[in-house]
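These notes concern the structure reproduced below.
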Amino acid sequence: MKSDLAAGDARRVLYQLVLIRGFEESVLKLVSDGSIRGTTHPYVGQEAVAVGACLALRADDWVISTHRGHGHLLAKGGDPNRLMAELFGKATGYGGGKGGTQHMADFAVGHLGSNGITGGGIPIGTGAALSAQMRGSGQVVVVFFGDGAANQGTFHESLNLAALWHLPVVYVCENNLYAMSTAVRDACAIEHIAERASAYGMPGVQVDGMNVFAVAAAVRTAVDRARAGRGPSLIECKTYRFLGHSKSDQRVYRSRDEESAWRARDPIPRLRATMLERGLASAAEIDAITREALAAVESAVEFARLSPFPEAQALTEGVFVEGTG
Amino acid sequence: MKSDLAAGDARRVLYQLVLIRGFEESVLKLVSDGSIRGTTHPYVGQEAVAVGACLALRADDWVISTHRGHGHLLAKGGDPNRLMAELFGKATGYGGGKGGTQHMADFAVGHLGSNGITGGGIPIGTGAALSAQMRGSGQVVVVFFGDGAANQGTFHESLNLAALWHLPVVYVCENNLYAMSTAVRDACAIEHIAERASAYGMPGVQVDGMNVFAVAAAVRTAVDRARAGRGPSLIECKTYRFLGHSKSDQRVYRSRDEESAWRARDPIPRLRATMLERGLASAAEIDAITREALAAVESAVEFARLSPFPEAQALTEGVFVEGTG
Amino acid sequence: MMRELTYWQALQEALREAMTRDPTVFVMGEDIGEYGGAFGVTRGLLADFGPQRIRCTPISEAAIVGAAIGAAITGMRPVVEIMFMDFVTLAMDQLANHAAKLRYMYGPQVRVPLVVRTPAGGGRCYGATHSQSLEAWFLHVPGLKVVAPATPTDAKGLLAAAILDDNPVLCVEHKLLYATSGTVSADAPALPIGRAAVRRAGTDVSLVTYSYYVGVALEAAEQLAIGGIAAEVIDLRTLAPLDTETVLASVRKTGRLVCIEEGTRTGGVGAEVAARVAELAYEYLDAPIRRIAAADVPVPFSPPLEQADLPTREDIVLVVRELMERA
Amino acid sequence: MMRELTYWQALQEALREAMTRDPTVFVMGEDIGEYGGAFGVTRGLLADFGPQRIRCTPISEAAIVGAAIGAAITGMRPVVEIMFMDFVTLAMDQLANHAAKLRYMYGPQVRVPLVVRTPAGGGRCYGATHSQSLEAWFLHVPGLKVVAPATPTDAKGLLAAAILDDNPVLCVEHKLLYATSGTVSADAPALPIGRAAVRRAGTDVSLVTYSYYVGVALEAAEQLAIGGIAAEVIDLRTLAPLDTETVLASVRKTGRLVCIEEGTRTGGVGAEVAARVAELAYEYLDAPIRRIAAADVPVPFSPPLEQADLPTREDIVLVVRELMERA
Ligand SMILES: Cc1ncc(C[n+]2csc(CCOP(=O)(O)OP(=O)(O)O)c2C)c(N)n1
Ligand SMILES: Cc1ncc(C[n+]2csc(CCOP(=O)(O)OP(=O)(O)O)c2C)c(N)n1
Ligand SMILES: [Mg+2]
Ligand SMILES: [Mg+2]
């Protein structure tokens, strides 16, 4: 962990990690009890990636998210209430309930949207970077995607475009070793996705995705480079999803031993220990942060429950922006 | 050039180079005078790639071709008559006139088809290799494609699949420096497409695409490897199309100097000189080979001209194989 | 021998029988191995046929379909599973510009015995990118056949036929049908592609539909019967080529046509059916044609909105009653 | 001020004016720089606007459209050129699952002011992968607008409107129209998207068409007039949203509908038009509906076959005469 870790940083990070963890665990329960319909892709285990990456970003920088996107939205400063309400399909959700778990955005905090199509967001994030470049806004885009998405054609086309045009974008691959049930070794011809960077002449780095500050440092380097006009980077975060792919996954494709080994690297107890060790917070303070984060989750559930479903007429509204053209 | 070059090989190669060159020049004239309608993508200048690659193949090996495909078909042993007839849209053409310049195949000689969609043939050739592997036929597939196609998503997805499954396929990229009017440096984030091989853990080699025997040697190595079950390779042939992209191209995007420099590397005079030098053929013999090849082109034109157009009912026939399912 | 099978079991049986009979048949798709596919159709096949023939792929829809085409034109009979129909968008080029066209362009030397299976439909709150019914696009792709079975028997029979067919066939399954069951004959032959079925005879109105909505239309017909309206229910079964004759014969008898589908209305399958009837059975029509379909919107996630979006038995009943009152 | 402009010049004028007025408008596509695009629409623009705004791309249709979406949702107004409509297959996912759905899914915070221009149509012996008219697919993509101008004035007006529109718009151009010319007002405002035009008034039959076939239909109407048949010619101009009212008004008057399009018949634009009329103007119909379209085959290369495939003036005349004789 970074040696010059400030107490404020650590607390904020701990809050976010716990918020995301708590949020996802809460969502799983709500899916099980039928309060939330459809499916969900829990981010549990991968929190350090979203939190670390967003730590390296300005508020006006952008992120593009995936199907496993609640963590990205919360890490970028999204509102747990509106996020939870969206999962419930409520009118107060980010998309008024129309998007659901895989399809929501919060432009106000720089979150340009999650995406139900594996690899679908990669070119879109690339285009946002083009927009930042053309407008000279100084913004940088972080595009999150999984190891599975790295085998889609859009990955290749987008990274080539970004490198060619020196776009201010950082491709953050969350290599959690599986795409649904498919192990990386059964889907990707090489072990380290970061090595694909050389096919586009951009830097490619591997980083411990269970370590917030390692992720933040790597992303910061890439963001600085991008902001300086020196083009894109590919960062591969080695991480693990502690739970199944989605609500129904029995995880037949991997061993409980493998899971335990990764769980031993859980970023949350790790950060708690470091904070105590370095005197960045007392046990009581850590408990308070934890309680505060979990309380935010509870309020979000409450908010979502109490919110109304959209009115029937919402069905046919909002397909188009009216009154232009 | 290969030192153990046999006279027979050299003559066959010369014949094929001249055949393709003569064929393409003839086609251009026929397009200009309206005998052939639509467009054409001349292979002039790139002959050494098709001829060299096919020299390394068994008769039952397969090739997949592109929009610039007449040379591939002739090099694999296709019939100039049926090829020319197809360009005329005649019933005696490979596809009875329905395919045209970008869409023809000759399965009997191992040619699985040219393709009007840039990059469209890459996964198809990959699947043919899968078929060869599954049936244990020992066949190898050469997939031809251009530098432009190397930026398509299908390139990435296919090479990953082939490497993952150790498919018997050789990807032969004809880097002729341009995709239509777009220079490689304006389209591809790296200079040497062969370097993309590392993204899939397969060998990538660059080779002089103006030298038949250099191409043949590189392809042979890759074919041997593929046939031995050791998986795919990527071979980048540095080459040049002497003429415009298609019939109407004025070549505003490149200089006449650049063109002359490449024309100085024309494989045909080069091979003629070598043959004379090494005593592989006399000047008279070389002339005879040349005449013979050009005579074949002339007969092809004759054949095509004299052939009938398809009957009107052909329009709605042949969409489906009848009587199965 | 008749057994009770679910729709997914019936599909799997077709796969198993084809793979047992013909060593060139194999399956490719994402997570179809141990995981059994997103909807379980291939569960158990990996153990029985091995990883060469139950071939798990990377997430590369274009290359999966493209590679299947390459295998198909060289003597294999691949069956591709696209996990959700929404993702065929990524394989659209390979399907429309290659699979469907090669035979016509290259001539009789080439055959494309390719099957692409994919689940369509909503009703499970999966949101706009996991709920679509996009089959209408493929009616507009000459060279492609499209089947859309509504029952376990048809699922087995049509998938078997698709695998036997030397042409590319898109097999549109429905998420809400996988768990439904019915009796399926163990030795039924493959069903002919291109033939609709009259699921219920009636004289007052023709309800033309397919896939999941056959069941809904039958329920509506039941309810209408109570009110004295005899609805005929046509299950198209194959969408391309469309069995125009069966539809026309029905409309000639009933004089009224209601097309029912789950996809969005504009440019849907019902448009084509309606157009054919308006061309070829105009004289027999006693009332305007009606289409019942989803609204022209992306499928909303919010459960009440999704329910409001999808056509229902009540919608059908109301539309038919309104039509009958015009007479 | 009126000037004579070709269709391509009119399109270019719309681009130029938009780029001059609004710095967020830019163009992306293959070979659109010095080369001017495969059909010359952007020739000269690189010199005037520079490589930042006339942005030549690699051959990566999916990423081009995807990147344009990303630019569009962050304040730019990209205009993408897809070199041939046949290649939109490669961008189908980005168009159908992203561009068209983002607004509905994400809510009012997002706008997708994206234009995708692309040439459709045959008649140039380019073969099956370079001659298609695939617009019907996009009628079945809620969230997308589709325009298909038939004249230089409409080309300019509709492209201008598409660029101003905050929604994704597909602009379907026609290869055989680029060189055609007409008078275009220098200061005409953008045309409203969604309004058809009656190109010729008539009382006997409604010919509903768009793009290149408007001209063909007008010629047919001319010929029919000699025989005393007054055909009304409707140019749809926008295919999505379809101007149903103008079509219905015409059919209510004429009692006969002939839909004409260049794309393949099954599942075409004519199916939707026919279905709407059979639903909403059934009582006014005096004859069966007719569709004139290409055969359900890939576009053949062979010149006589391609000519036989594409609908002609004679086809229209024959169909209309046959319809009139039924009366
Ligand atoms: C185009 C497409 N193909 C398949 C799917 C189904 N699917 C959803 S998530 C997923 C796995 C994605 O793996 P990865 O990119 O590694 O992300 P992870 O789930 O591990 O976070 C798959 C196959 C999809 N949503 N989109
Ligand atoms: C998907 C697709 N995009 C664009 C085109 C138009 N096009 C035809 S050939 C060509 C250039 C291809 O370049 P390259 O792959 O380098 O092959 P070359 O022409 O140089 O042989 C282009 C852009 C096409 N046919 N298909
Ligand atoms: Mg993963
Ligand atoms: Mg090239």
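Everything quoted here is computed from the prediction, not taken from an experiment. Here is the naming used below: chain letters follow the sequence lines, and residue numbers restart at 1 for every chain.
Both the backbone and the side chain of D/Tyr126 come within contact range of chain B, with heavy atoms under 4.5 Å apart. Only the backbone of B/Glu311 comes within less than 4.5 Å of a heavy atom of chain D; no side-chain atom from C-beta onward does. For a residue to count as touching a neighbouring chain, one of its non-hydrogen atoms must lie under 4.5 Å from one of that chain's; by this rule D/Pro298 touches chain B with the side chain only. The part of D/Ala295 that comes within reach of chain B is its side chain, from C-beta onward, which places non-hydrogen atoms under 4.5 angstrom from that chain. Interface remark: B/Ala312 contributes backbone atoms only to the contact with chain D (heavy atom separation under 4.5 Å). Proximity to chain D (any heavy atom under 4.5 Å) is restricted, for B/Gln102, to the side chain, taken from C-beta onward. At a 4.5 Å heavy-atom cutoff, the contact between B/Val252 and chain D is made by backbone and side-chain atoms alike. For B/Phe155, no part lies under 4.5 angstrom from a heavy atom of chain D. No part of D/Glu306 comes within reach of chain B, as not one of its non-hydrogen atoms sits under 4.5 angstrom from that chain.
Of the listed residues (D/Ser60, D/Gly33, D/Ala308), the one with the most heavy-atom contacts under 4.5 Å to chain B is D/Ser60. The greatest number of non-hydrogen atom pairs below 4.5 Å with chain D, out of B/Asp186, B/Ile117, B/Thr316, B/Val184, is found for B/Ile117. Chosen from B/Thr182, B/Ile36, B/Thr154, B/Thr101, the residue pairing most often with chain D at heavy-atom distances under 4.5 Å is B/Thr182. Counting heavy-atom pairs closer than 4.5 Å to chain D, the top residue among B/His103, B/Arg251, B/Gln250, B/Glu86 is B/His103.
D/His174 has its ring centre no less than 6.0 Å from the ring centre of D/Tyr7. The aromatic ring centroids of B/Phe107 and B/Tyr94 lie 6.0 Å or more from each other.
By the neighbour-count criterion of 12 heavy atoms within 6.0 Å, atom OH of D/Tyr212 is sparsely surrounded, having that number or fewer from other residues, nucleotides or ligands. With a 6.0 Å radius and a threshold of 12 heavy atoms from other residues, nucleotides or ligands, D/Arg313 has its CZ atom above the threshold. Annotation: B/Gln313, atom CD; neighbour count of heavy atoms from other residues, nucleotides and ligands within 6.0 Å is above 12.
Side chain of B/Asn151 to backbone of D/Ile59: no donor-acceptor contact under 3.5 angstrom is found.
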Report task. List the steps, then state whether side chain to side chain contact (heavy atoms under 4.5 Å, CB included) holds for B/Ile20 with B/His70. Result -> CA-CA 8 Å; B/Ile20 297 171; B/His70 308 162; over 6 Å; no
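For B/Ser181 and D/Asp31, the side-chain atoms include at least one donor-acceptor pair closer than 3.5 Å.
The pair D/Glu13-D/Arg16 does not count as a salt bridge, with every side-chain nitrogen at least 4.0 angstrom from each carboxylate oxygen.
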